[in-house]
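Note sheet for the following structure.
Protein chains get the first letters and strands the later ones, always in sequence-line order, with residue 1 at the start of each.
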Amino acid sequence: MLKDDFSDLEMQRLNKLEQLRAIGQEPYPLRAHKSHTNASAVALFEKAEAEGSQEPVEVVLAGRLRAIRHMGKLSFAHIEDRTGKIQLLMRVNEIGAEKLDEFVRFYDLGDFIEASGQMMRTRRGEVTLQVQDFRMLSKALLPLPADKDETVDGEVVRHAQLTDPETRYRRRYVDLAVNPEVREIFRVRAETVKAIRAFLDERDFMEVETPILQPIYGGAAARPFTTYHNQLHQELFLRISFELYLKRLLVGGLDRVYEIGRDFRNEGVSFKHNPEFTQLEFYMAYADYNSIMAITEQLVAETAQKVLGTMKVQFGGQEIDLTPPWNRIQIRQGLIDQAGIDIHQYPDADSLAAAMREKGIAFKPDVSRGKLINTLLETYLEPIMIQPTFLYDYPRDISPLAKAKLDDPTTVERFEGYVGGMEICNAFTELNDPLDQEQRFLEMGHTYSEDEEERNPMDEDYLQAMAYGMPPNGGLGLGIDRLVMLLTGQHTLREVILFPHLREADDKPQEKKPDEK
RNA sequence: GGGCGCGUAGCUCAAUGGCAGAGCAGCGGCCUUUUAAGCCGUUUGUUGGGAGUUCGAUCCUCCCCGCGCUCACCA
C-alpha cells in the first residue's frame, strides 16, 4: 500500500488529511470554482486601479501552495497556476480565528487550494488576494522538493532547487511542478511543433499517419526494435523511419505529405540519441534537394521567429543565427579544405583508407568508401559547423534512397543540415527509378553482411509502388528533439523529452533478472 | 558494451578510520503587511545495496544497482 512506504513527514500529511475530513472538509472535492487565472486576476486589479475604480475586484483563485508565511493573526501564502504565482493574505479579521487555525494546522506546501476574496495591494506593493474563504482542492501527501525563491535586485535566486538528474527524469512531474524553466522548455517544444505544422499546412502539405508497426523496416540505417503479433503469428518491427511509406503516397497522388511522429532505433543512448525520438518527414513532388534546402532553412528560421521572436539563438555559449540563407559546403570541397583529402582521387575504399592511414586518421577497417567519407565528415566537418550549414553531395553507397548526380554516379543529391555541430536534418532528391532502386537494395545486401542489423532488407512492395510511377520529388527528415534543443539552448535530448529513456529502476538490488548471465 | 566520476535527511550540501552535521522543509511556541519573513525550542538517517579488511567503516577493498561524463555504436 502507498502509505506503507510513508515517512514520518508523509504520515503527518496523511493525518492532516484525516483531520480535515473529521471537520467536514473534503480533501479531494469533485469540483473547483476558479474564476480567473492568477495572471488575469492581477491584470484585472491593475486595470481597475489605473481607472481609479472603487469597485472591489472579487475573484476565486486556485492553485498549488508554493510558499506559506504564518505571522500569528495573519498568514501570507503564494499559490501557483499555469500563469504564475499570486500572493494570498489571510487575516483573522476576514476569515476568523477558526479558519485561520485550520489553514495553519492542516495546509502544507504542495496542496492545491481554492481561495475567494478581493484583490488588494499590500504595503510592500504586491498585488494580493485578500482571502474571504478558502478550501482544499487536493491534499498533497508527498512533499515536493523544498525549493525557495529569493529576489535579489530583481533577480530570482533559487535555493535548494531540485537538480538531481535521476529524480528529475524519473519523476518528471515533480521536476515540472517545482522548476518553471522546465515547463518553459516544453512549452517551447509544443509551440515548435505547432509552428512547423502551420508552415507546412500553409504550403499545401497534407499531414498523414503511416504504420509504426511494420513487417519490413527501412528508410534509415539503424537497428530496429522487434515485436510480435500473437494472433497473426507475425514478427513486426517498430519503424526506424517513415520514408518508404510516405513516398508510396506520392505514387498515390498525394503530392505533398508530411508526418510528425516517433521513430525507434535500437541503439546507444547519448546526449543526442534516445531510443525513441520525434521526427518530421515531408516529401514534395516536383522538388529536388536544392528546393528542399531552401524550404528547410525557411522552415527552421520561421519556426524560431514564431516561437522565440528571433532567429538568433544561444547554444553552447555561441550565438547562432538561423537567418537564411545558411552556409553551403560541398563535401568534396569541404574535405579538401579541412582534411586535405580530395575524395575524387580515391574512387574506392582501399585507396581512400590508405590515404587516411597516411594522415593518421583513425577509422574502422573493412568499411565502405561511403562510411570512410562519413568518418572524415564527423572528424573534420561536423564540429566546425556551428552556424547553420548544409553539407551536400554525399557518397552513393551510404545513400540507397537518393538519386545520383548526373555527372558523377558515385555521388548523390543529398544534404544534411548542421547547427551547433549537430546534425538536425537529412534530405535528398529522392530516387524514383525502380530499376535503380532495386539495384541499390541489392548493393546494400552485398555491402552489409547478413547479420548486420542496419542492413536494409529489400522492400518488394516499395519497389512495386515505384514501378507504378513516382513523381520526381525531394524529401526531408528533421529531428524535432534536436531542433528543440537548439531553440531552448539545452545540450542534451533528455532535457527536451518529457520522459527520456532511463534504465529500469530496480527497487530490489542484488536480484538479477532470470535471463541475465 | 568499455573507461572515468558520483550516490550522505524530503531538497541543497558538509564531515571524519572513532557518538553523522548545517540551511531550507517538518514539528511545538511567539508574532496583524510578510515575501529565502523573523525569533525561541525541537525531530530527522539502512550514509544506494551486499560482502570483506578492521577493536571500530559513511570513509579502505571487492561485487551489485542507479545516475552523469566519455568512447564505441548510430548512412
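A cation-pi arrangement is present between K99(A) and F134(A), with the terminal nitrogen or guanidinium carbon under 6.0 Å from the aromatic centre and inside a 45° cone about the axis.
Judged by closest nucleotide on RNA chain B, V269(A) is the one of V269(A) and R265(A) placed further toward the 5' end. The residue among F428(A) and D164(A) whose nearest nucleotide of RNA chain B lies closer to the 5′ end is D164(A).
One interatomic measurement links the two molecules: CG of L377(A) to P of C74(B), which rounds to 14 Å at whole-angstrom precision. Look at CG on L493(A): it is 13 Å from C1' on C74(B), rounded to the nearest Å. Rounded to an integer number of Å, the gap from K272(A) NZ to U70(B) C1' is 13 Å. Straight-line distance from the CG atom of L502(A) to the C1' atom of G66(B): 9 Å, rounded to whole Å. Rounded to whole Å, atom P of U70(B) lies 11 Å from atom NE2 of H491(A). Taking atom CD on E378(A) and atom P on C73(B), their separation rounds to 8 Å, with Å as the unit. Straight-line distance from the CD atom of E267(A) to the C1' atom of G1(B): 14 Å, rounded to whole Å.
With R414(A) contributing its side chain and T429(A) its backbone, the two residues share no donor-acceptor pair below 3.5 Å.
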Exercise. Could you go step by step and tell me if K403(A) and N432(A) meet the side chain to side chain donor-acceptor pair (under 3.5 Å) rule?
Worked result: CA-CA 8 Å; K403(A) 220 170 188 171; N432(A) 66 338; 2.8 Å; yes
For this session: Determine, stepwise, if the pair Y245(A) / E259(A) fulfils side chain to side chain donor-acceptor pair (under 3.5 Å).
Result: CA-CA 10 Å; Y245(A) 279 97; E259(A) 179 164 4; over 6 Å; no
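Among the nucleotides C11(B), C74(B), C69(B), the one closest to the side chain of R494(A) is C69(B). The side chain of R414(A) lies closest to A75(B) when the candidates are G68(B), G66(B), A75(B).
Residues F103(A) and H70(A) place their aromatic rings such that the two centres sit under 6.0 Å apart.
Between the side chains of E94(A) and Q130(A), at least one donor-acceptor pair of N or O atoms lies under 3.5 Å.
Pairing for C30(B) is with G38(B), a Watson-Crick or G-U wobble pair whose two hydrogen-bonding atom distances lie under 3.5 Å. Under the Watson-Crick and G-U wobble criteria, each requiring two contacts below 3.5 Å, nucleotide U61(B) is paired to A51(B). Across all strands shown, the partner of C11(B) is G23(B), judged by Watson-Crick or G-U wobble contacts whose two distances both fall under 3.5 Å. Nucleotide C69(B) has G3(B) as its partner under the Watson-Crick or G-U criteria, with both atom distances under 3.5 Å.
Applying the 4.0 Å criterion to OP1 and OP2 of C67(B), one finds that R503(A) has a side-chain N or O inside that range. Taking side-chain N and O atoms only, T163(A) has a distance below 4.0 Å to OP1 or OP2 of U12(B).
A salt bridge links D342(A) with R332(A): at least one charged nitrogen is closer than 4.0 Å to a carboxylate oxygen.
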Exercise. How does each nucleotide of nucleotides 27-38 of chain B score, in 5' to 3' order, for protein heavy atoms under 4.0 Å: base (B), sugar-phosphate only (S), or none (-)?
Worked result: S---BBBBBBB-
